[in-house]
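Proteins come first, then strands; the chains are lettered A, B, ... in the order of their sequence lines, and each starts at number 1.
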Amino acid sequence: MKPLDEATLIPSHMPTTNRPSNMGASVNDNASRLDAVPKVTGSAKYGKDYHLPNSLYIVFIRCPWGAADFVSADEAAAKATPGVVEMQVRGKSCTYHGQSIGYIAADSPRAAKRALRALAPKWKRTPVKTQISDTVKDNPDIGDDGQNNMNGAEVTHEAVYTTPVQTHSSLETHGGAVDHRGDRATVYASTQGTSSSRDGLGGPLGLGQGDFELVCEYVGGGFGSKLGGPGKELTTAAQLAAKYKRPAYMFCNRSEEHLDTGNRPSSRTLARIGFKKDGSPVGGEIRTWGGTGVAGGGGGASIPSGRYKLGEIKKLHDDVSFNGGGPRAFRAPGHPQAAFAEELMLDEVAAKLGMDPLALRMKLAGGEHRKMFEAGAKLIGWSNRKPNGSQNSALRTGYGAGAAGWGSAGPGGAAEVVIARDGSVESRTGTQDIGTGQRTGMGIVTADALGIPLKYVSVKIGRSTLPPGPGSGGSVTTPTTAPTMTAVAKAAKTQLLELLATQANAKPDEFSIKDGVVLRNGEKYLTWEEACGKLPNDGITANKGKGERGDGHSNGVQFVKLDVDTETGVIHLRHVVAIQSCGRVICRKTAESQIIGGVIQGLSFALFENKLLDRNTGAMVNDNFESYKILGPGDMPHIEPVLWSKGQSGFKALGEPPTIPTAGATACALFNAIGRPVRDLPLTPDKVLAALAAGQGGAA
Amino acid sequence: MNPFAYVQPRTFDEAAAALAEKRFSLPMLKAGGMDVVDHLKEGLIQPDALVNIKRLRSQPDGAPIAEAGGKVRIEATATMAEIAASDVVKRLAPVLGLSVGTAASPQVRNIGTAAGNLLQRPRCWYYRHEQFDCLKKGGSTCYSIEGENKFHAIFGGGPCHIVHPSNLAPALMVCNGVVHIVGSDRKSLPIAQLFHGPDQGIRSEHVLKPGEVITHITCDAAPRSGFYAIKEKQSFDWPLVAASVSLELDGAKIRSARVCAGAVAPIPWDLPKVEEALKGVSVDDDAALRRACDVAGDGAKPMTDNAYKVRLLPVAVRRATLIAAGRKTEVDA
Ligand SMILES: Cc1cc2nc3c(=O)[nH]c(=O)nc-3n(C[C@H](O)[C@H](O)[C@H](O)COP(=O)(O)OP(=O)(O)OC[C@H]3O[C@@H](n4cnc5c(N)ncnc54)[C@H](O)[C@@H]3O)c2cc1C
Ligand code: SF4
């Protein structure tokens, strides 16, 4: 593995796809996704695609207001709608828009929807709270600890940073289709946990675990919201399928997906922090509030992140309820909102200190982050950065930076590798590919361990009957399964070589496999197919092997360059450099794609996303993809992922860290361009204009 | 969605006749169907017949857009994409193509039609959600006044505060557009008379009567015309404010100007004060041009969350003026 050094830094003007492979750092630099063609042509079947003959279709009856008492509904009319099979209405008081009070099951989606219309539930609205600031209005005084921590500070900073609720917005919504055949069932799910979903389904299906299979070959995104058990959508489908011994289908529509399948909670951060004039940290107090909707918890924000030395910090946190759906794990839970506050806070402190914000970060960050900052600064062209607020033109350019870090899981999960007599190889593990490239990664490590081209390997994942693998949460899927799969594939290879040795009356260590050729004492001995032809009828099945942990970790830095149209407040993103380590890279393209995706999600969080609840009724007014805005093609900057391979050998986390620093770095870049911070996401034109206007008024 | 009859006429006259049929109580025209289908899905309308005019032409084998005696003639069913790509439009009335060329997304532009764009219903999120029985739907409140009104009107609002959603309508306003109609006594209507504010009736936004069908649209040549929209997102988004401008120039000097704003009022919003102020101004005199355009926000009555639009409007007007005059704006360096 060649280290990334200055000489091989990638020129920033080169489009991502045209860049040379990342210096040989990945196991496979050129492989495309194994499922690229099925996904692009549509032959890949997602759970949502399983419309089974004679299926029941289920819709949930939901509260249309943030808070309301159920008054009445025309159950007779709903039941009389042709095609209705069953209905359950549990009239009650509701505390968020989208909360379900029952369901209707019918012979077709249309019949279910007509019945829902005929039901026409009546509600009496009650008062609502829709955001943290409905509860937290003033800044509490600093505590004694915080005050003491600030002793000796020469420069202090106090500010409030806020972020809105962000929804996961998975393209494939939540739900499942269940094919119940009486004593057997197949469940088509959209889940991040093949095993954990299965574990919750035996009861609802009325079947033992051996009598049903959960299939989840493709997942249209989850970002954390599809972790854990089967969820109420799939559970209801399973119950009704069991009851009527026929297929049942329940998937949310787009509105329901926004309303009731989890979100990244909103946040409020009150930072009071002190520094010495030279930028050395002194300490202070950081209070955070998490906007958890109706849920009692889950709103924590990871600030201080630990990536910067900030001195002694007293950390306080409270979760705040209001009339909105509760949170669920969302790609790096608690991190992007915290990084927004932390990074922008650092830039504001740097401005007060008269320091370059990167220089301040170099003082506060750890060794590897510093090296990454140095490399990234070159790629983004940090030397072109102008001092904060020093530009007068209509279009002003800004630069910002931020850092990410992530821990890693160790090897685990179960895997199986089967080598058949025709030379084909099956790589099996019961994980799921939520779009990350897990299927491709499993194929690549198997081929690599066996010493054969990828084309021989077919990967079987996404079935509960396969050897169990982990849920896709905490960025653990690859770090858990790749070492295990590698070890198991090596065990299969050992078996094969031992067999060849026995047949040739030789010692196993005379044999090796490279590029699909079996070598004996370094000389070509047999092709892969010829060697496999010598296997007994059933080929080889290996399922034991202990993965190695290896060295490596997941650090990252990101740089954002943007232009601000100061007459309109519109931000034009220009360039993002995202440096990221993730241990040994398995597949360059899917790894880069993870980084690019994380950056896009972070930019979208920075500029647009906002679950907006009507302040008077609590109804979400933008429960669609028209006014719940997501970064579109016209807003996309050139995103340059850089895989950092220095000192990396084990397989480490990559899913979550690339979305952590993006919004913070974007806010810093805006601050740099216009000389005023916007401390409230999303960074929309109205707020940019307001910040500029405040600046003209000469406010501090 | 309730069942409905689907009628496929061969001509606009047949379409008008279908709308007049006694057996239908609530027939409705469907052109591209973008907005009609959205309404059906959200349960906002319950027509008992859809009359599909998507592929009809007012002239047999007629092109979607043609030049007719120095004027521009646009079929009611010409798509937004066709208008944006039309050489006739680019030459004679560029503002039309610019107004629809970046609206929404390529998919929407390939389906949405000229008449459908003019007559699409407002995007107010309270209007678009079934549970809000707002004034426009026969209820007793406008939820936007005390609610989420960031994208609502700064002019001409009350009692309803929608902004007119069409990009094409203000563009046609500055070219003296005329819609041509079958299905009633009147044969045509100037675009300036097509729309009415909420004070003239809240339930609808235009004056067409049930049974009237737009066949085509004509407008004057406006070779020096331009459009500028300020949007949060640069693709698949609605303008925060937009301006359409048509100029008559003596060299760089503005002899006369027509200026109409979009996304700021319940109807396309003429800005006569700006037109007056622009007279005699050189488009190359930045300070004078700014002064003239700055009156665009005069008289605005912003709501709680949309005062920023008042600041944006002069910018959109000035940039549209520069584009109309063939100049670059300060942001396309
Ligand atoms: C995400 C999104 C963003 C958008 N952004 C923009 C934007 O920025 N700017 C913009 O202008 N638009 C925008 N649109 C709206 C889109 O342009 C319109 O929905 C489309 O133009 C409607 O045309 P249509 O032919 O599909 O109309 P239809 O849905 O078929 O009809 C709309 C209405 O017009 C009536 N009608 C249609 N044709 C006639 C006729 N010939 N005579 C009489 N009545 C008729 C119909 O009865 C119906 O009431 C956006 C849409 C979406 C979904
Ligand atoms: S602005 Fe008009 S459409 Fe919107 S809530 Fe008010 S009355 Fe209804």
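Heavy-atom neighbours of chain B within the stretch residues 58-73 of chain A, taken at a separation under 4.5 angstrom, comprise A/P64, A/W65. The contact list for residues 233-242 of chain B toward chain A, using heavy atoms and a distance under 4.5 Å, reads B/K233, B/Q234, B/S235, B/F236, B/D237, B/W238, B/L240 by residue number.
Heavy-atom distances place no part of A/S255 under 4.5 Å from chain B, backbone and side chain included. Of the two parts of A/R125, only the side chain, counted from C-beta on, holds a non-hydrogen atom closer than 4.5 Å to a non-hydrogen atom of chain B. Interface remark: A/I571 contributes no atoms to any contact with chain B (heavy atom separation under 4.5 Å). Both the backbone and the side chain of B/F132 have a heavy atom closer than 4.5 Å to some heavy atom of chain A. Interface remark: B/K309 contributes no atoms to any contact with chain A (heavy atom separation under 4.5 Å). Of the atoms belonging to A/V570, it is side-chain heavy atoms, and not backbone ones, that fall under 4.5 Å from chain B. With a threshold of 4.5 angstrom between heavy atoms, B/N306 does not approach chain A through any atom at all. At a 4.5 Å heavy-atom cutoff, the contact between B/R123 and chain A is made by side-chain atoms alone.
Applying the salt bridge (charged side-chain N to carboxylate O under 4.0 Å, His left out) criterion to B/E148, with sequence neighbours excluded, gives A/R615. With sequence neighbours left out, the salt bridge (charged side-chain N to carboxylate O under 4.0 Å, His left out) criterion links B/K273 to B/D298.
In summary, B/R319 and A/D565 engage in a salt bridge, as defined by a charged side-chain N under 4.0 Å from a carboxylate O.
Within 6.0 Å of CD in B/E42 there are more than 12 heavy atoms belonging to other residues, nucleotides or ligands. Taking a 6.0 Å sphere around NZ of B/K137, one finds it holds more than 12 heavy atoms contributed by other residues, nucleotides or ligands. Annotation for A/K92: atom NZ counts as buried by contact number, over 12 foreign heavy atoms lying within 6.0 Å.
Using a 4.5 Å cut-off on side-chain heavy atoms (C-beta onward), A/V621 and B/R128 make no contact. Between A/T617 and B/Q131, the closest side-chain pair of non-hydrogen atoms is not below 4.5 Å. Proximity of A/D686 to B/K150: side-chain heavy atoms (C-beta onward) are separated by under 4.5 Å at one or more points.
A distance of 9.0 Å separates CG in A/N624 from CH2 in B/W125, rounded to the nearest 0.5 Å. From A/L607, atom CG reaches atom CD of B/E232 across 9.0 Å, with rounding to the nearest 0.5 Å.
With respect to chain B, the highest number of heavy-atom pairs below 4.5 Å among A/T568, A/D614, A/L631, A/L689 belongs to A/D614. For the set A/P682, A/A619, A/P685, A/G569, the entry with the most heavy-atom pairs within less than 4.5 Å of chain B is A/P685. Listed options A/F608, A/F625, A/W123 were ranked by heavy-atom pairs under 4.5 angstrom with chain B; first place goes to A/F608.
Between the side chain of A/N616 and the backbone N or O of B/Y143, no donor-acceptor pair lies under 3.5 Å.
Counting all heavy atoms, side chain and backbone alike, B/L312 lies closest to A/E567 at CD2-O, 4.0 Å. Across all non-hydrogen atoms, the minimal contact from A/R117 to B/G43 is NH2-CA, 3.4 Å.
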